[in-house]
Amino acid sequence: MNSMKIRRTAIAVAAAALLPLSLAACSDSGSDTKAAPSAAAEDAAKTGESTPAGDTMTGDQPFGPACAGVPKEGAGSFDGMAKDPVATAASNNPALSTLVTAVKQAGLVDTLNNAKDITVFAPTNDAFAKLPKADLDKVLADKDMLTKILTYHVVGQKLTPKQLENGSFETLQKGMVTTTGSGESYKVNDTANVVCGNVKTANANVYIIDTVLMPK
């Protein structure tokens, strides 16, 4: 009897000692199982949130080789231009100073700044430099002619790059401009290349071009 009691006591002691260890092991295992799906869910959530945002950003940003020359900060940067109406925004971009001078000469600053939802094909300083100086001076001195040329660069709706792929649009001058291209390569009237496109201002989409357009 004594040996039976001793054996039972030993078994009970051993069981009592092992039980907490086995429970701890089960508890740890359970917490690991719960933690893994939680981490995976967090990763999935992050992936799910970032992918659409990335897709949205792509295709709605300025594009083209001349975009590298736009200031990174300040009123002339892409962020700065987006806050101002188009004539004011252009005046803060060093590459468009000749265009701004022409717009002021024609008295079109308020017209462009107060217009709603327009597209401006904006010739660079180099585009104006392609014109013989005598011709440029003549145009700048003739307000009617200058107004016709400048308003020929403006379309009365905001155009997306997709719309430029094979488009024909009436301008404020009442003439028509045609656009062709795809991706990040577009032409206007088969003569002017878009060198920095899809630039946003408060009231316009701007496509900076390397050639002055002449009304047809």
Do the side chain of [X] and the main chain of [Y] share a donor and acceptor less than 3.5 angstrom apart?
{"X": "Asn203", "Y": "Pro85", "value": "no"}
{"X": "Asp210", "Y": "Asn193", "value": "yes"}
{"X": "Tyr207", "Y": "Leu159", "value": "yes"}
{"X": "Asn189", "Y": "Thr178", "value": "yes"}

Report the residues that fulfil side chain to side chain contact (heavy atoms under 4.5 Å, CB included) with Thr101, sequence neighbours left out, ordered by chain and then residue number.
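So Thr101 forms no side chain to side chain contact (heavy atoms under 4.5 Å, CB included) with any residue.
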So among Thr151, Val155, Ile149, which one has a side-chain contact (heavy atoms from CB on, under 4.5 Å) with His153?
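Option passing the side-chain contact (heavy atoms from CB on, under 4.5 Å) with His153: Ile149.
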So, applying side-chain contact (heavy atoms from CB on, under 4.5 Å) with Val195, which one of Ile209, Thr211, Ile208 is it?
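Running side-chain contact (heavy atoms from CB on, under 4.5 Å) over Ile209, Thr211, Ile208 with Val195 returns exactly one hit, Ile208.
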Please list all pairs meeting salt bridge (Lys or Arg N to Asp or Glu O under 4.0 Å) that have one or both residues in residues 124-141, counting only residues at least two apart or in different chains.
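Salt bridge (Lys or Arg N to Asp or Glu O under 4.0 Å) check on residues 124-141 returns Lys133-Asp137.
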Restricting to pairs with a member in residues 150-167, which pass salt bridge (Lys or Arg N to Asp or Glu O under 4.0 Å), not counting sequence neighbours?
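Qualifying pairs, neighbours excluded: Asp117-Lys158, Lys162-Glu165.
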Which value, rounded to the nearest 0.5 Å, describes the distance between [X] atom [atom1] and [Y] atom [atom2]?
{"X": "Thr98", "Y": "Gln105", "atom1": "OG1", "atom2": "CD", "result": "12.5 Å"}
{"X": "Leu136", "Y": "Phe128", "atom1": "CG", "atom2": "CZ", "result": "7.0 Å"}
{"X": "Leu172", "Y": "Ile118", "atom1": "CG", "atom2": "CD1", "result": "6.5 Å"}
{"X": "Ser168", "Y": "Gln163", "atom1": "OG", "atom2": "CD", "result": "12.5 Å"}
{"X": "Thr171", "Y": "Phe121", "atom1": "OG1", "atom2": "CZ", "result": "10.0 Å"}

Once ring pair (Phe, Tyr, Trp, His ring centres under 6.0 Å) is applied, do any residues pair with Phe63, and if so which ones, sequence neighbours excluded?
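Phe63: ring pair (Phe, Tyr, Trp, His ring centres under 6.0 Å) contacts with Tyr186.
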Side chain to side chain, [X] and [Y], heavy atoms closer than 4.5 Å:
{"X": "Asn198", "Y": "Lys200", "value": "yes"}
{"X": "Asp142", "Y": "Lys148", "value": "no"}
{"X": "Leu99", "Y": "Leu150", "value": "yes"}
{"X": "Phe78", "Y": "Gln61", "value": "no"}

Least distance between heavy atoms, [X] atom then [Y] atom:
{"X": "Cys67", "Y": "Gly197", "value": "SG-N, 4.3 Å"}
{"X": "Ala106", "Y": "Lys143", "value": "O-CE, 3.2 Å"}
{"X": "Val109", "Y": "Ala87", "value": "O-CB, 3.9 Å"}

Is [X] linked to [Y] within one hydrophobic cluster, defined over Ile, Leu, Val, Met, Phe, Trp and Tyr using a side-chain heavy-atom separation of less than 4.5 Å?
{"X": "Tyr152", "Y": "Leu131", "result": "no"}
{"X": "Val194", "Y": "Val70", "result": "no"}
{"X": "Leu164", "Y": "Val206", "result": "no"}
{"X": "Phe169", "Y": "Val188", "result": "yes"}
{"X": "Val139", "Y": "Leu112", "result": "yes"}

Using the side chain to side chain donor-acceptor pair (under 3.5 Å) rule, take Thr119 and Asn205 through it: C-alpha gap first, then chi angles, then the decisive distance, then the call.
CA-CA 5 Å; Thr119 293; Asn205 286 351; 5.0 Å; no
Side chain to side chain donor-acceptor pair (under 3.5 Å) involving Thr191 - partner list, sequence neighbours excluded
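Per chain and number, Thr191 pairs via side chain to side chain donor-acceptor pair (under 3.5 Å) with no residue.
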Which pairs, with at least one residue in residues 62-90 and sequence neighbours excluded, count as a side-chain hydrogen bond (donor to acceptor under 3.5 Å, both in side chains)?
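Every pair satisfying side-chain hydrogen bond (donor to acceptor under 3.5 Å, both in side chains) with a residue in residues 62-90: Thr88-Asn113.
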